[in-house]
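Below, chain A is the first sequence line, B the second, and so on; all start at residue 1. The figures that follow rest on heavy atoms only: side chains count, while hydrogens, waters and symmetry mates do not.
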2 protein chains.
Amino acid sequence: MRGGGYKATPQRMAVLGALAEEQHQSLEEIRGRCLEVGLVTVYRTLSLLVELGIVRRLDLGDGARYELAEDHHHHMICESCGDISEFEECPLDPERLPPENADFEVRSHSLEVYGRCGACR
Amino acid sequence: MRGGGYKATPQRMAVLGALAEEQHQSLEEIRGRCLEVGLVTVYRTLSLLVELGIVRRLDLGDGARYELAEDHHHHMICESCGDISEFEECPLDPERLPPENADFEVRSHSLEVYGRCGACR
DNA sequence: GAGCTAATTGAAAAACATTTTCGATTAGCG
DNA sequence: CGCTAATCGAAAATGTTTTTCAATTAGCTC
Ligand SMILES: [Mn+2]
Ligand SMILES: [Mn+2]
Ligand SMILES: [Zn+2]
Ligand SMILES: [Zn+2]
C-alpha cells in the first residue's frame with residue numbers, strides 16, 4: 001500500500017479492519033463498522049482497494065459486496081436465507097476452457113452456485 | 001404471458017422486441033430501441049419479465065444487463081473491449097458440485113469467463 | 001521536532017438511478 | 001359497444017454514487 005505512494009491513513013486502516021471482520025459485506029455494512037469514516041471516504045477507499053487488487057467486488061444481484069481478495073474461491077448462495085458460503089475446490093474442467101472454436105484468451109473466471117443451504121432445507 | 005392475467009400491451013411488445021434485437025443490453029440501450037415507451041414502464045416491464053422468467057438479468061459489474069432467457073449458457077467477457085460472447089458447453093464437472101462435505105442443494109449456477117477476445121489480441 | 005507539500009478527507013451539492021404516486025388511458029371481456 | 005381492472009406515464013420522492021473544494025494531515029526534509 002505504501003509502495004504505490006499512498007498514505008496509510010486511519011480511515012483506510014479502519015476500512016481494512018472492517019473488511020477483515022467479515023467477507024461479502026455491502027458498503028453500508030462496512031460503513032457500520034467504521035462510523036468515524038466519512039461516507040465519501042468509504043466509497044473512495046473501497047474503489048482504491050479494488051483498484052490495487054487488495055479487495056474484490058462481488059455483484060451477486062443484490063448490490064455490490066466486498067471481500068478481501070484472498071485465494072481463488074467460489075460462492076454458494078442460498079436462495080432462501082441469502083447466506084453466502086465459500087469453497088475452494090474449483091469444479092471447472094480446465095480442458096474445456098476456453099470452449100472449442102472460441103478465439104479467446106482466458107484470464108480468470110467467476111462462478112456462483114445457487115440453491116439451498118443445509119439450514120434452509 | 002396472457003396466461004398469468006397480464007395484458008399484452010404495445011409497450012410490453014416493444015420492450016420484448018428490443019430485447020430480441022440484441023442480448024446483454026443495459027436498460028438505457030433497451031430504452032433507446034423503444035423510445036415510445038415511458039421510462040417507468042421500461043423499468044416495470046423488465047422487472048415483470050424477469051419475474052416471469054422470460055428475461056434474465058445479468059450483473060457483470062458495469063450495471064444490470066438483460067437478455068432473453070434462452071438455453072443455459074455462459075459468458076466470455078473481454079476485459080479490453082467489453083464484448084460479451086456466449087457459449088453453451090458447460091465446463092463444470094458435475095461430479096464436483098456441490099463440493100465435498102458441503103451441505104448444499106445446488107439449483108443453478110452462473111459462470112463468467114474474463115480475458116481477451118480474438119479481436120483485442 | 002518543526003515546517004512543507006502533495007495527498008487525503010468530508011460536508012455539501014450535483015449527478016445519476018430507481019421507485020412511488022396518482023390521475024388518465026386502455027386491453028380484454030362480456 | 002360499454003365496463004373495469006390492469007396499465008401507463010409525468011412528476012415527485014427516494015436512494016445511490018460522484019464531484020467539488022476548502023480544511024486537514026501523513027510522510028518527508030532539514
Ligand atoms: Mn468470498
Ligand atoms: Mn447471454
Ligand atoms: Zn439458507
Ligand atoms: Zn475484446
Interatomic distance, [X] [atom1] vs [N] [atom2] [rounded to whole Å]:
{"X": "B/M13", "N": "C/dT26", "atom1": "CE", "atom2": "P", "value": "16 Å"}
{"X": "A/L46", "N": "C/dT9", "atom1": "CG", "atom2": "P", "value": "12 Å"}
{"X": "B/D62", "N": "D/dT17", "atom1": "CG", "atom2": "P", "value": "15 Å"}
{"X": "B/D59", "N": "D/dT16", "atom1": "CG", "atom2": "P", "value": "15 Å"}
{"X": "B/Y6", "N": "D/dA6", "atom1": "OH", "atom2": "C1'", "value": "11 Å"}
{"X": "B/R12", "N": "D/dA6", "atom1": "CZ", "atom2": "P", "value": "11 Å"}
{"X": "B/L48", "N": "C/dA27", "atom1": "CG", "atom2": "C1'", "value": "15 Å"}

(message) Suppose we screen for side-chain hydrogen bond (donor to acceptor under 3.5 Å, both in side chains). Which residues come up paired with A/R65, at least two apart in sequence or across chains?
(response)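 A/E29, A/D62.
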
(message) The criterion is salt bridge (charged side-chain N to carboxylate O under 4.0 Å, His left out); which residues satisfy it with B/E86, sequence neighbours excluded?
(response)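 In terms of salt bridge (charged side-chain N to carboxylate O under 4.0 Å, His left out), with neighbours along the sequence ignored, B/E86 is linked to no residue.
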
(message) Using modelled atom types and a 3.5 Å cut-off, is there a donor and acceptor pairing between side-chain atoms of B/R33 and backbone atoms of B/G17?
(response)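 Pair absent, no side-chain N/O of B/R33 close to backbone of B/G17.
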
(request) Just jot down the ring pair (Phe, Tyr, Trp, His ring centres under 6.0 Å) partners of B/H75, sequence neighbours excluded, or say none. (result)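 Ring pair (Phe, Tyr, Trp, His ring centres under 6.0 Å) list for B/H75, sorted by chain: B/H24, B/H73.
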
(message) I'd like to check the ring pair (Phe, Tyr, Trp, His ring centres under 6.0 Å) partners of B/F87; sequence neighbours left out, ordered by chain and number.
(response)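 For B/F87, the residues satisfying ring pair (Phe, Tyr, Trp, His ring centres under 6.0 Å) (neighbours in sequence not counted) are B/H74.
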
(message) Let me check the geometry of the helix from C/dG1-D/dC30 to C/dG30-D/dC1. What is the bend angle between the axes at its two ends, five pairs each, to 10°?
(response)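 For the helix from C/dG1-D/dC30 to C/dG30-D/dC1, the axes at either end differ by 40°.
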
Side-chain polar contacts of residues 111-121 of chain B - donor-acceptor pairs under 3.5 angstrom, sequence neighbours left out - could you list them?
from, atom 1, to, atom 2, distance (Å)
B/E112, OE1, A/S110, OG, 3.1
B/E112, OE2, B/S110, OG, 3.3
B/R116, NH1, B/C120, O, 3.1
B/R121, NH2, A/D103, OD1, 2.6

(message) Base contacts versus sugar-phosphate-only contacts with protein, heavy atoms under 4.0 Å: please encode nucleotides 10-20 of chain C as B, S and - from 5' to 3'.
(response) BBB----SBBB

(request) Map A/T45 and B/T9 onto DNA chain C by nearest heavy atom, then report which one ends up closer to the 5' terminus. (result)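 Its nearest nucleotide lies further toward 5', so the answer is A/T45.
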
For residues 42-54 of chain A, please give each side-chain donor-acceptor pair under 3.5 Å, one per line with the distance, not counting sequence neighbours.
from, atom 1, to, atom 2, distance (Å)
A/T45, OG1, A/T41, O, 2.7
A/S47, OG, A/Y43, O, 3.1

(request) Verify salt bridge (Lys or Arg N to Asp or Glu O under 4.0 Å) between B/E70 and B/R56, making sure each step is shown before the conclusion. (result) CA-CA 9 Å; B/E70 297 164 341; B/R56 193 178 305 140; over 6 Å; no

(request) Among Ile, Leu, Val, Met, Phe, Trp and Tyr joined by side-chain contacts under 4.5 Å, find the other residues sharing a cluster with B/V40 and list them by chain and number. (result)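 When side chains under 4.5 Å apart are linked, B/V40 ends up in no cluster with other residues.
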
